[in-house]
2 protein chains.
Amino acid sequence: MHSDLVASRSAEQKGSRESREPSRESRNGSSPQLDAVSLAIIEQLQEDGRRPYAAIGKAVGLSEAAVRQRVQKLLDQGVMQIVAVTDPLTVGFRRQAMVGVNVEGDVEAVADALSAMSECEYVVMTAGSFDLMVEIVCEDDDHLLDVINKRIRAVPGVRSTESFVYLKLKKQTYMWGTR
Amino acid sequence: MHSDLVASRSAEQKGSRESREPSRESRNGSSPQLDAVSLAIIEQLQEDGRRPYAAIGKAVGLSEAAVRQRVQKLLDQGVMQIVAVTDPLTVGFRRQAMVGVNVEGDVEAVADALSAMSECEYVVMTAGSFDLMVEIVCEDDDHLLDVINKRIRAVPGVRSTESFVYLKLKKQTYMWGTR
DNA sequence: CTTCGATCGTGCGGAATTCGCAGGAGTAGA
DNA sequence: TCTACTCCTGCGAATTCCGCACGATCGAAG
């Protein structure tokens with residue numbers, strides 16, 4: 001996973017002549033630290049995952065090589081991935097659903113078991129009337145039925161499920177930080 | 001919908017002789033009917049969004065130029081986007097939630113209204129005990145509270161909402177087709 | 001049957017990008 | 001001060017991207 005913090009590297013390398021505010025980048029108190037420059041790089045790549053390193057460098061004030069090294073590290077650490085995303089409905093997967101799951105016992109163990117299923121593309125532990133929310137992608141109704149009723153409910157600890165079959169995907173964005 | 005942000009990147013500035021705008025017909029509802037080769041290309045880019053066209057060409061049995069033209073078309077049509085995706089928690093957004101929404105009246109109108117909000121990164125119409133499922137990304141608790149109680153419930157047609165605050169993201173995949 | 005017109009693939013240079021590596025500068029600890 | 005690290009920069013060389021011209025295929029119209 002990406003939880004390795006790697007000894008807080010965010011010391012804000014002051015380049016040569018530019019004086020960027022060193023006091024700005026630590027707004028989040030959580031463990032994995034990203035400085036403002038890495039955030040800006042991610043932002044660029046959220047707009048276009050294939051944007052050249054030199055263009056990113058101009059936007060964030062870094063050389064091409066520096067951007068390339070930072071991107072590589074972000075990928076290696078698992079902080080981000082650069083991938084093609086699609087609307088599954090246009091790619092041949094005709095049934096999608098969000099499934100709310102109630103668990104007795106170890107929630108995380110159930111989450112791990114569900115994560116191991118290839119049809120589950122999104123697994124998150126939640127607070128509220130569900131313990132887990134799972135998004136599943138299937139090829140057709142039979143497949144969907146099989147996954148929900150046979151596979152998910154067969155996982156030890158799953159008490160009950162409630163399904164929300166997707167009718168239409170209205171929005172899908174990956175541009176947090178761009179606001 | 002989501003296609004407009006990506007398509008605008010390089011479509012306009014090339015048009016050498018016949019700059020016609022096919023992006024208009026990319027309204028969803030019409031399946032662009034992807035063949036096996038385009039599917040294979042998408043699959044390659046789901047593994048690595050920056051993979052060179054030549055390498056993809058070798059994998060799918062096409063020339064570099066053909067791959068490039070197909071990828072450009074897929075982007076223009078909004079079938080796929082090539083972007084960086086992250087776990088928002090590591091990028092400074094500390095509160096995420098899935099919100100189930102019940103609607104009276106025009107569900108799609110409500111969906112459009114919610115899609116216009118930048119905090120809503122994922123909006124889908126569903127069958128089941130919710131009419132809409134909305135994933136929202138916020139910076140902190142105050143922001144989350146504001147979005148749910150003030151903004152979402154203020155949308156005309158929203159009858160009720162139920163929130164599921166994210167505790168931990170366990171899985172996030174973009175590799176349908178790779179199985 | 002022939003001819004447009006549109007779509008799709010290939011090949012090819014030139015420009016742009018990526019890649020690897022050798023420094024230099026700042027920082028922390030012994 | 002010296003060493004060990006980290007991070008950035010600069011610079012060739014290899015690779016990749018990009019525009020463009022041309023050929024093949026297919027369906028519809030003449």
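Just so you know, these numbers come straight off a predicted model, no measurement behind them. The sequence lines fix the lettering, A, B, ..., with proteins before strands; numbering per chain opens at 1. All values below come from the heavy atoms of this structure, side chains included, with hydrogens, waters and symmetry mates left out.
The side-chain tip of A:Arg50 points at the ring of B:Tyr53 from less than 6.0 angstrom away and within 45° of straight on.
Within a 6.0 Å radius of CZ in A:Arg94, no more than 12 heavy atoms belonging to other residues, nucleotides or ligands are found.
Closest to the A:Arg50 side chain, of the nucleotides C:dC8, D:dC17, D:dC8, is D:dC17. Of the candidates C:dG11, D:dC11, D:dC17, C:dG11 carries the atom nearest the B:Ala65 side chain, counting heavy atoms from C-beta on. Which of C:dG9, D:dT9, C:dT17 sits closest to the side chain of A:Pro52 comes down to C:dT17. The B:Glu64 side chain lies nearest to D:dC17 when the options are C:dG9, D:dT9, D:dC17. For B:Ser63, taking side-chain heavy atoms from C-beta onward, the closest of the listed nucleotides D:dC17, C:dG9, D:dT9 is C:dG9.
Nearest heavy atom pair, residue A:Ile152 against residue A:Met117, reads CG1-CE, 4.1 Å.
Between A:Gln72 and A:Asp76, the side chains place a donor N or O and an acceptor N or O closer than 3.5 Å (distance only, hydrogens not considered).
Nucleotide D:dC7 holds its C1' atom 14 Å from the CG atom of A:Leu74, rounded to whole Å. The CG atom of A:Leu45 sits 14 Å away from the C1' atom of C:dT18 (whole-angstrom rounding). Following rounding to the nearest Å, B:Asp35 (CG) and D:dC26 (P) show an atom-to-atom distance of 15 Å. Rounded to an integer number of Å, the gap from A:Gln69 CD to C:dG23 P is 16 Å. Atom NZ in A:Lys58 sits roughly 7 Å away from atom P in C:dT17 (whole-Å rounding). If you measure from atom CG of A:Leu75 to atom C1' of C:dT18, you get 14 Å, rounded to the nearest angstrom. Distance, B:Tyr53 OH to C:dG9 C1': 16 Å, rounded to whole Å. Nucleotide C:dG9 holds its C1' atom 7 Å from the CG atom of B:Leu62, rounded to whole Å.
Residue A:Lys73 places at least one side-chain N or O closer than 4.0 Å to OP1 or OP2 of D:dC7.
For A:Arg68 against C:dG20, a side-chain-to-base donor-acceptor contact under 3.5 Å is present. For a distance-only test at 3.5 Å, the side chain of B:Arg70 fails to qualify as a donor-acceptor partner of the base of C:dG9.
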Next item on the list: Evaluate the salt bridge (Lys or Arg N to Asp or Glu O under 4.0 Å) criterion for residues B:Asp35 and B:Arg70: first the C-alpha distance (whole Å), next the side-chain angles of each, then the deciding distance (0.1 Å), finally the verdict.
Entry: CA-CA 11 Å; B:Asp35 60 13; B:Arg70 283 208 184 217; 2.9 Å; yes
